[in-house]
Visitor: 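Before we start, here is the structure in question, set down as structure tokens.
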2 protein chains.
Amino acid sequence: MAATLKEIAQRVGKSVTTVSRALAGYSDVSEATRAQVRQVAQELGYEPNITARRLQKRRTETLAIVLPTYSPRFSDPFFSEFLAGVGNAAAAEGYDLLVSTRSPGDEEEKAYRDLIRSRRVDAFIVVRTRLHDARIEILKAANFPFAAFGRIEGDNDFLFVDEDSELGLRLVVEHLVKLGHRRLAFLAAPPDLMFARYRLKGFTETLQARGLPVDPELILTGDLSQRHGHQLAGILLDRPDPPTAIVACNDLMALGAMSAVQNRGLKVGYDVSITGFDDIPPAEHAHPSLTTVHQPVYKIGKMVCQMVIDVINGREIPNPQITLAPSLVIRQSSGPVQI
Amino acid sequence: MAATLKEIAQRVGKSVTTVSRALAGYSDVSEATRAQVRQVAQELGYEPNITARRLQKRRTETLAIVLPTYSPRFSDPFFSEFLAGVGNAAAAEGYDLLVSTRSPGDEEEKAYRDLIRSRRVDAFIVVRTRLHDARIEILKAANFPFAAFGRIEGDNDFLFVDEDSELGLRLVVEHLVKLGHRRLAFLAAPPDLMFARYRLKGFTETLQARGLPVDPELILTGDLSQRHGHQLAGILLDRPDPPTAIVACNDLMALGAMSAVQNRGLKVGYDVSITGFDDIPPAEHAHPSLTTVHQPVYKIGKMVCQMVIDVINGREIPNPQITLAPSLVIRQSSGPVQI
DNA sequence: TCACTTTTCCAAAACGTTTTGGGAGTAAAT
DNA sequence: ATTTACTCCCAAAACGTTTTGGAAAAGTGA
């Protein structure tokens, strides 16, 4: 059986209190005693029972993240990287990460409420914020600590890290305009996703700022998957007046669009330019490689996690609302317009 | 503050014991008392303190899964789905899922040892088994409950679910041979991964069984990524005597191989046939769609999780070692050989 | 009435830790 | 010789639950 403080105390001939305090490094324990306690603890292979510690400290030292899965067969190249960022930051601070997956809606809200009520976790990490985000409303109402990757419509009076998607799209559009493109199409994402809004906004406003028309027929909405990217690009390309550039809301759809272009015997980056957003690993290794906006997902995961840990430990948060400036990664899938 | 049994007991005028037993459904509580306890618990919004319960029950009701991440920017379409399967099964049984990510090696082993020593979790789920799997050795040595997705070299005297990859590859090769292919190449994976072994074995043995030569020059090893698939397929295609079919160890490499073929102006499924393994979502929606072996990752996740929960609860495991028969999904990327 | 069973209840212990609020003993200062 | 200060220690309470081992009260059958 696992050793306890009590056993150490018996062996050392001191009280449990003293043993506890010796190991915790309090100064009201003599060095001799401390050394002896350490020695015996070592011998017995003592490990504190963290459940007992958690009970006494009234903390679970656990963070929750509920991944929104839009389809049963979900497979988002994005989440695994984010998870790694969050998980490593959590581990570094001695926190556990409790992960579950729910599809948005009732099930998801129930998961949040249950986790809050059962006090299983100390805080939440919310990912991929939505326009009216029930998760954030629940957390705010319960006054439960959390940090988000992304912002919401309305009061962003909570901890978040976000990339400035609007600016990201401005960089993309300006890059394409500079290459001579005038007819740009946009593969949008469901408008309840905040990042989709920002990206659409960045797209249209930059066009307008450049004095270019915003043709609603060239703005199609997909579900972020490669398949939808393929389908929607097909629709655009089969028009009598196809766009010369397709700006996708994310890399997956851009990759799908690329294959649609190639299927029609056209050359990506020459006949049609294509851009993405996220800079997932396949973007770099696609053929041609994909021009996209880099999003440091791992780093954002770390930041969000660190923030929320800081806040539950009452530490000062120097910068509770962080918006990162994106950078454009120009690769082969975007090139000068052909005339 | 959150209500406790003590408060309910005071309100009801009964002991804490009785309240606890009333809520737990013991029969030595009168129906009248039970109703009253329930009523008051409801009014106070009572939720049991899960940490206290865990301390008393000497269980953490938590499962650990450490995802092996081979690169910092890892993004495996596979894990998210597996995670969903495991997570949902765990949630259904009231278990929490503790997730972390480590790259294989010392860090990973340390994570296992730490989790075991600190008794943070009741059991482990091991994923993507390896030839000499240090994780499994550690768990066995510690006599710690676990279940694996995959087998190991040597004694498989532990809980596992695996798909019969060897059979999967037999199906693939026989399909291609039936289509007239004689020169088959294989994109293998690092041989310390068990599934890579099985797949390679299935490939070579089926060729031999069919009386076809196994040309070592046509067997190249990659890291499972799309990029490596692309590179290695390039090497094969640029040979003076290129293969007519490329059998990839997984879908990601197959997808990479497809783009290499297309880059050379060849038609996948016509000039060169390509097959994968896993049946990840992009496989279906690739162009052409990818012939592959279906792997029910979500379901396997559920099964593995259920198994390990059963075992820590002392329940009978009807089938502690499960090998699933795979099914071949024939799509457009494989076609008759051209002569 | 007695013996026996059934119903209903509960005090106390246990899980293993940390914190609180001292107290004893010794050394230094007055 | 007394006060003050410091060092080292610890009993007890607390965190909130479940389990153990009865015991009192009520009912039953003779």
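Chain letters run A, B, ... following the sequence lines, proteins first and then strands; every chain starts at 1.
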Visitor: Does the side chain of K14(B) get closer than 4.0 angstrom to OP1 or OP2 of dC9(C) through an N or O atom?
Guide: yes

Visitor: Can a salt bridge be assigned to the pair R119(A) and E47(B) using a cut-off of 4.0 Å between side-chain N and carboxylate O?
Guide: no

Visitor: Within less than 4.0 Å of OP1 or OP2 of dT17(D), is there a side-chain N or O belonging to Y46(B)?
Guide: yes

Visitor: Using a cut-off of under 3.5 Å, enumerate the N/O to N/O pairs linking the protein to nucleotides 22-26 of chain D.
Guide:
none

Visitor: Could you tell me whether E7(B) and R11(B) make a salt bridge, using a distance below 4.0 angstrom between a side-chain N and a carboxylate O?
Guide: no

Visitor: So, does Y26(A) get its side chain near the phosphate of dT19(C), meaning an N or O under 4.0 Å from OP1 or OP2?
Guide: yes

Visitor: Rounded to the Å, how far apart are Q56(A) CD and dT18(C) C1'?
Guide: 4 Å

Visitor: On DNA chain C, nearest-nucleotide positions of A52(B) versus T33(B): which is more 5'?
Guide: T33(B)

Visitor: Side-chain N or O of T18(B) less than 4.0 angstrom from OP1 or OP2 on dC10(C)?
Guide: yes

Visitor: Using the ring pair (Phe, Tyr, Trp, His ring centres under 6.0 Å) definition, which of the options F158(B), F124(B), Y112(B) pairs with F144(B)?
Guide: F124(B)

Visitor: Between K110(B) and D114(B), is there a side-chain N and carboxylate O pair less than 4.0 Å apart?
Guide: yes

Visitor: What contact category does S20(B) fall into here, base, sugar-phosphate, or nothing, at under 4.0 angstrom with non-hydrogen atoms?
Guide: base

Visitor: Is E31(A) paired with R34(A) through a side-chain N to carboxylate O contact shorter than 4.0 Å?
Guide: yes

Visitor: Tell me whether the OP1 or OP2 atom of dC15(C) has a side-chain N or O from R58(B) closer than 4.0 Å.
Guide: no

Visitor: Quick one: label R21(A) by what it contacts on the DNA or RNA (base, sugar-phosphate, nothing), any heavy atom closer than 4.0 Å.
Guide: base

Visitor: Taking only side-chain nitrogens and oxygens of T17(A), does any of them come within less than 4.0 Å of OP1 or OP2 of dA11(D)?
Guide: no

Visitor: Under 4.0 Å between a Lys/Arg side-chain N and an Asp/Glu carboxylate O for R315(B) and E93(B)?
Guide: yes

